[in-house]
Amino acid sequence: MSWGSWQAFWAMGGYGGYVWGAYATVALVVLGEAMFVRARLARARRNAAGTRKRRP
Amino acid sequence: MQAANPTPPGFRLFRYAAPAEFYRLAGRVVPFVAAAAALLGAAGLYIGFFVAPTDAQQGEAYRIMFVHVPAAWMGMFIYVVMAAWAALGLIFNTRMSAIMASALAPTGALMAFLALWTGALWGRPAWGTYWDWDARMTSTLILLFLYMGFMALHGAIDDPRRADRAAGVLAIVGVVNVPIIYFSVQWWNTLHQGSSISLGRAPTIAAPMLAAMLVMMLAFWAYCIAAALTRARAIVLERERNAEWVRSLADTAP
């Protein structure tokens, strides 16, 4: 598949809004979830370290 | 990990039913699965946008398929796996089963949401409407509500073991919706088209289109496994925070 130009690529034959709207949402959701689960795991690990420190 | 207490080979698998063992094993597996998701995603996007030709009927709008179909599949599949873990948890009362069910629910809900969202953006150019109350779309919306109901019910009950049981029953009852989604395009005369690929029948789409979709499917698989396992590890630490092995984590490298 040859697009000829980047402009043609982004235009997606007139369907750019639909195609990129779909792909942007997928990217946002996937990257967002990945960030959130990593942050949740890091927080749980920090809390585990916290309980360790509080112990005499 | 010491050889001091050797396990008979037949019992090795059951060790991973213990949260501490699961935590270690999943920690080793996740980086590879996440890397596979990134590589397969990049390859799938390349094939989907630069190899697959323009569709004769739908023009370029059909390229939404490469994310729509995997998201819809994962939304259904994760629900079945979640319900299976919930059932195992209810029957055997194993801790990891319920944790797996809880870890899968948000990822499944996001996949169901993405199926609906990308479907709407595909439906508008293909059928002239973002939404219609046809059988497949309505049953997929119910799937999203079932995931949200599972999470809301689990979150509303303070005692985690009771929350596991209540939400587990909901998950098992809701599994009846999955075959309804899958067969809806055959059972009812719907706006939604039939499957492009199914077992025992030649695919109805061109080879590069099929390749892009299958590679994206593998990427979604890998992504969902990585996300659910990471969330499961976090839930293990949150629930077992008073266990000695969690406390000793602070002394070791991640």
Side-chain angles (χ1 to χ4, degrees), chain A, chain B residues 27 34 37 41 45 47-54 58-64 66-68 70-71 103 106-107 110-111 113-114 117-126 208 220 223 226-243 246-251 254:
Chain A
M1 178 72 199
S2 155
W3 291 94
S5 70
W6 281 107
Q7 209 173 351
F9 177 73
W10 295 117
M12 278 289 144
Y15 297 115
Y18 301 112
V19 173
W20 300 122
Y23 276 84
T25 311
V26 172
L28 211 69
V29 164
V30 164
L31 296 177
E33 191 196 13
M35 216 176 68
F36 273 110
V37 291
R38 285 173 64 104
R40 183 173 174 180
L41 180 59
R43 195 182 332 118
R45 204 181 273 143
R46 269 200 311 279
N47 288 345
T51 54
R52 179 76 171 180
K53 259 179 222 134
R54 272 199 297 281
R55 293 183 91 206
Chain B
L45 288 175
I47 303 170
F49 280 103
F50 296 104
V51 181
T54 305
Q58 299 194 12
E60 311 297 352
Y62 91 94
R63 290 181 203 277
I64 293 172
F66 304 136
V67 283
H68 174 73
T107 300
L110 286 172
M111 290 297 137
F113 163 74
L114 285 179
W117 181 268
T118 58
L121 285 170
W122 191 6
R124 179 67 186 167
F220 270 67
Y223 168 76
L229 285 182
T230 304
R231 188 179 290 108
R233 291 182 84 210
I235 297 174
V236 165
L237 290 191
E238 288 160 10
R239 288 202 187 182
E240 307 257 314
R241 60 180 170 273
N242 293 318
V246 173
R247 289 185 172 134
S248 64
L249 270 184
D251 303 332

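Chain naming here is simple, since letters A, B, ... match the order of the sequence lines and numbering starts at 1 in each. Predicted, not measured: the structure shown is a model, and the values here were computed from it.
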Minimum-distance pair of heavy atoms, taken over all atoms of [X] and [Y]:
X: B:Glu60; Y: A:Val19; value: O-CG2, 3.7 Å
X: B:Thr118; Y: A:Ala22; value: CG2-CB, 3.9 Å
X: A:Val37; Y: B:Arg231; value: CG1-NH2, 3.4 Å
X: A:Ala48; Y: B:Val246; value: CB-CG1, 3.5 Å
X: B:Thr107; Y: A:Glu33; value: OG1-OE2, 2.5 Å
X: A:Ala44; Y: B:Leu237; value: CB-CB, 3.7 Å

[X] versus chain A, the contacting section by heavy-atom distance below 4.5 Å:
X: B:Val67; result: both
X: B:Ala52; result: backbone
X: B:Ile64; result: both
X: B:Phe220; result: side chain

Worksheet item: Relative to each other, are the rings of A:Trp20 and B:Phe49 parallel, tilted or perpendicular (30° and 60° limits)?
Response: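 Ring orientation of A:Trp20 relative to B:Phe49: parallel.
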
Taking the inter-plane angle between the rings of A:Trp6 and B:Phe50 on a 0 to 90° scale, is it parallel (under 30°), tilted (30 to 60°) or perpendicular (over 60°)?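 A:Trp6 and B:Phe50: perpendicular rings.
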
Would you say B:Gln58 and A:Tyr15 are linked by a side-chain donor-acceptor pair, where the criterion is simply a distance under 3.5 Å? no

| field | Minimum side-chain heavy-atom gap A:Val29-B:Trp117 below 4.5 Å | value | no

To the nearest 0.5 Å, atom CG of B:Leu110 lies from atom CG of A:Leu28 at 11.0 Å

Next on the checklist: As an exercise, state the distance from OG1 of B:Thr54 to CH2 of A:Trp3, rounded to the nearest 0.5 Å.
Outcome noted: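 It is 5.5 Å, given to the nearest 0.5 Å.
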
Across all chains, not counting sequence neighbours, the salt bridge (Lys or Arg N to Asp or Glu O under 4.0 Å) partners of A:Arg40 are B:Glu238

Notebook entry, point to check: Can you tell me if B:Tyr223 uses its side chain to pair, donor with acceptor, with the backbone of A:Val30 under 3.5 Å?
Noted result: yes

When the 4.5 angstrom heavy-atom criterion is applied to A:Phe36 and chain B, the contacting part is neither

